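The block underneath contains the structure these notes are about, expressed in structure tokens.
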Amino acid sequence: MPSIFTKIIKGEIPCHRVWEDDRHFAFLDINPWTEGHTLVVPKKEHDYIFDMPDADYAALQSAAKKVAALLKSKLGCRRVCTCVIGYEVPHAHIHLLPTNATGDIRWLGQPPATSKPDLAKLAARIQG
Ligand code: 5GP
């Protein structure tokens, strides 16, 4: 059965896409920890990122680097932080978190932000 991210990539589930190339897809996280929280995903499904073949893993990191530069330039943040979790969705992905200070990052287990950002507006700001 295809993962939820494969359904998003195929357009079967809506998302706010910010970037893609032939092998990768980047879109805003539906439950953002910071403004512009983005997931970078390989179009080919791999359950666990660190089981990916080296070449595919390196290509994913390279895609994340491009998306991080896009987020930094469009959102004007100081740094884009990154992490890998993967417990919720078994389709390899890298979280990119635009930040201006360490305290901007909400870690797992913390309650969701009370105000929901307008993801459509944000995606339009980020897209090239
Ligand atoms: P992880 O697998 O790294 O623990 O978390 C998966 C991430 O995907 C979470 O941050 C969650 O908010 C995000 N996510 C899960 N389902 C969807 C979805 O349908 N759309 C979007 N945009 N993000 C999702």
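Atoms within a ligand are numbered from 1 in the order they appear, just like the ligands themselves. As the structure is a prediction and not an experimental result, all values here were calculated from the model.
- Contact annotation: the side chain of M52 never approaches that of K44 to less than 4.5 Å [non-hydrogen atoms, C-beta and beyond].
- Nearest-residue assignment for atom 21 (C) of ligand 1 (options I4, I30, V89; heavy-atom criterion): I30.
- Counting heavy atoms closer than 4.0 Å to ligand 1, residue H93 contributes side-chain atoms (C-beta onward) but none from N, CA, C or O.
- Under a 4.0 Å criterion applied to the non-hydrogen atoms of F27, ligand 1 contributes the atoms 21 (C), 22 (N).
- No part of V84 comes within 4.0 Å of ligand 1, judged by heavy-atom distances.
- Between F5 and F27, the ring center distance clears the sub-6.0 Å criterion.
- Salt bridge status for R23 with D56: present, with a side-chain N to carboxylate O gap under 4.0 Å.
- Among I94, I49, I8, N31, the residue whose heavy atom sits closest to atom 18 (C) of ligand 1 is I8.
- Across all their heavy atoms, K72 and R78 have their closest contact at CE-O, 3.0 Å.
- Ring orientation note: the planes of H95 and H37 are tilted relative to one another, at an angle of 30° to 60°.
- Between H37 and ligand 1, not a single N/O pair is under 3.5 Å apart.
- Partners of Y48 according to the side-chain hydrogen bond (donor to acceptor under 3.5 Å, both in side chains) rule, which considers only residues two or more places apart in sequence or in another chain, do not exist here.
- The shell of residues lying under 4.0 angstrom from ligand 1, judged by heavy atoms, includes L39.
- Contacts between F5 and ligand 1 below 4.0 angstrom, taking non-hydrogen atoms only, involve the side chain exclusively.
- H95 counts as a contact of ligand 1, since one of its heavy atoms falls under 4.0 Å from the ligand.
- In summary, the aromatic rings of H91 and H93 are positioned with their centroids too far apart to meet the 6.0 Å limit.
- Residue G86 places a heavy atom less than 4.0 Å from ligand 1.
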